[in-house]
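Model, not experiment: these values are computed from the prediction. Throughout, numbering of the chain's residues begins at 1 and tracks the sequence.
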Amino acid sequence: MPNGQWYPPEWPDRIRALAHGELTPVQPRRAATVMLLRSGPLAVHMLRRRTSMAFAGGAYAYPGGGVDPRDDARRIGWAGPSRETWAARLGVGADDAQAIVCAAVRETYEEAGVLLAGPDADSVVRDTTGDDWEADRQALVTRDLSFAEFLDRRGLVLRSDLLGAWARWITPEFEPKRYDTWFFVAALPEGQRTRNASTEADRTVWIRPAEATAGYDGGELLMMPPTVSTLRALLPYAAPADVLAASATRDLTPVLAKASLGDDGEIVLSWPGHDEFTKRVRTGGGTS
């Protein structure tokens, strides 16, 4: 039975073009996504991208998106490990680290209605409902309001200590839109609730990692390789606290797909260290 690996039909042509020097890779954009967790038993919050979406339509993913360049330099209300500590962990400069962590927190709020911030270093917002909160969330989505301005307006500090870095994946070089994405884990704050606040999703679910991976293996749930890989990595853990503790030692070496073109015209697409995602595209168009 085929699994639910997302595989666009245009990939073989783009891979051939890259191999023949007819395609120049675009620079990947920095991005962040968050695996939001809750206990009893351990479950992860996922959204299903609308089937009308050009990229990964119908695929299950986590809340996330691109970095807002305005979050690079301006100092914001910050609690938890320092920007320098995050820079060392993420393998980037301090300004980049701030922007990436901001993107993780902002996108979680924009797409799931969950805010990893509070009035001080020891508290978290408990209620983000109401028309005034929704107006601010919409302003963040449209980029009329920067995340720094949002925190200042609300008198909040970003709780970077509530996040754990989990993985890093880079979109293949043959893709027209590329992202250098850091995957984070975080526990759902007490008192907050998720909701489908994303215009890109038609469904959201809380699902156990084992159930999600079984759905993928059975071809029932469509997912991209990074999603499946990070879900499988959650399987040994029983609670969000266990996942967050484990995040401190996770390997953040970037995973970048490699494509090779054989003498017979066969394309082999692989993700180093993740053999289950290897695809072979024969000259006649078949895959395996």
Side-chain angles (χ1 to χ4, degrees), residues 27-37 44 62-110 114-118 120-124 146-148 150-152 156-171 173 178-189 225-227 229-234 236-237 239-257 271-274:
Q27 186 69 20
R29 179 185 176 191
R30 297 169 303 164
T33 189
V34 176
M35 304 156 68
L36 198 58
L37 308 169
V44 59
Y62 314 114
V67 164
D68 184 342
R70 294 177 296 180
D71 291 332
D72 280 63
R74 178 176 173 179
R75 289 295 178 257
I76 67 169
W78 188 278
S82 68
R83 296 165 182 81
E84 290 72 24
T85 299
W86 274 108
R89 179 72 180 110
L90 300 180
V92 298
D95 288 346
D96 285 322
Q98 173 178 291
I100 293 163
V101 172
C102 279
V105 176
R106 174 178 48 77
E107 290 288 338
T108 303
Y109 180 52
E110 289 181 11
V114 171
L115 184 59
L116 304 175
D120 53 53
D122 300 312
S123 60
V124 183
S146 73
F147 195 60
F150 167 72
L151 293 176
D152 286 346
L156 301 174
V157 295
L158 182 152
R159 291 286 307 275
S160 77
D161 56 312
L162 299 181
L163 289 167
W166 194 252
R168 181 182 177 185
W169 288 66
I170 302 176
T171 308
E173 291 183 331
R178 302 184 63 213
Y179 296 92
D180 184 352
T181 304
W182 282 262
F183 287 71
F184 294 86
V185 291
L188 178 68
T227 309
S229 173
T230 50
L231 277 171
R232 293 204 196 285
L234 293 177
Y237 304 101
D242 300 329
V243 177
L244 283 163
S247 69
T249 56
R250 288 281 301 176
D251 182 7
L252 297 185
T253 301
V255 179
L256 174 64
W271 281 259
H274 302 271

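Residues passing the side chain to side chain donor-acceptor pair (under 3.5 Å) test with Trp86, sequence neighbours excluded: Ser160. In this structure, the side-chain contact (heavy atoms from CB on, under 4.5 Å) partners of Leu151, at least two apart in sequence or on a different chain, are Ile76, Ala117, Phe147, Leu156, Leu158. With sequence neighbours left out, Thr181 forms a side-chain contact (heavy atoms from CB on, under 4.5 Å) with Ala31, Thr33, Tyr179, Phe183. Residues that satisfy the side-chain contact (heavy atoms from CB on, under 4.5 Å) test with Ala103, not counting sequence neighbours, are Ala32, Val67, Arg106. Looking at residues two or more places apart in sequence or on another chain, you find no salt bridge (Lys or Arg N to Asp or Glu O under 4.0 Å) involving Asp242. Partners of Tyr109 according to the ring-ring contact (aromatic ring centres under 6.0 Å, His included) rule, which considers only residues two or more places apart in sequence or in another chain, are Phe150. When the salt bridge (Lys or Arg N to Asp or Glu O under 4.0 Å) test is applied to Asp120, no partner is found at least two apart in sequence or on another chain. Annotation: side chain to side chain donor-acceptor pair (under 3.5 Å) contacts of Arg89 (sequence neighbours excluded): none. For the side chain to side chain donor-acceptor pair (under 3.5 Å) test, no residue two or more places apart in sequence or in another chain qualifies with Arg29. Residues satisfying the side-chain contact (heavy atoms from CB on, under 4.5 Å) test with Arg168, not counting sequence neighbours, are Asp180, Trp182, Pro254.
Closest non-hydrogen pair, Ala97 versus Val92, comes out as N-CG2, 3.6 Å. Taking all atoms of both residues into account, the shortest heavy-atom contact from Ile170 to Arg178 is CG2-NH2, 3.5 Å. For Leu244 against Leu162, the heavy-atom pair with the smallest separation is CD2-O, 3.9 Å. Pairing each heavy atom of Glu107 with each of Pro63, the nearest pair is O-CB, 4.2 Å. In this structure, Leu256 and Thr171 approach most closely via the heavy-atom pair CD1-O, 3.5 Å. In terms of heavy atoms, Leu252 sits closest to Trp166 at CD2-C, 3.7 Å.
Residue pairs that meet the side-chain hydrogen bond (donor to acceptor under 3.5 Å, both in side chains) test with at least one member in residues 247-257, sequence neighbours left out, are Asp251-Thr253. Counting only residues at least two apart or on different chains, the salt bridge (Lys or Arg N to Asp or Glu O under 4.0 Å) pairs with a member in residues 157-167 are Arg159-Asp161.
Atom CZ of Arg83 is separated from atom CG of Asp96 by 13.0 Å, given to the nearest 0.5 angstrom. Interatomic distance, OG1 of Thr108 versus CZ of Phe184, reported as 9.5 Å (0.5 Å rounding). Here the CG-CZ distance, from Asp68 to Arg30, works out to 9.5 Å after rounding to the nearest 0.5 Å.
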Checklist entry - Could you walk me through whether Ser229 and Trp169 pass the side chain to side chain contact (heavy atoms under 4.5 Å, CB included) check? => result CA-CA 10 Å; Ser229 173; Trp169 288 66; 3.5 Å; yes
Item to check | Working for side chain to side chain contact (heavy atoms under 4.5 Å, CB included), residues Val105 and Leu115 | outcome: CA-CA 7 Å; Val105 176; Leu115 184 59; 4.3 Å; yes
Checklist entry - After noting the C-alpha distance and the side-chain angles of Tyr62 and Leu36, does the key distance pass the side chain to side chain contact (heavy atoms under 4.5 Å, CB included) rule? => result CA-CA 8 Å; Tyr62 314 114; Leu36 198 58; over 6 Å; no
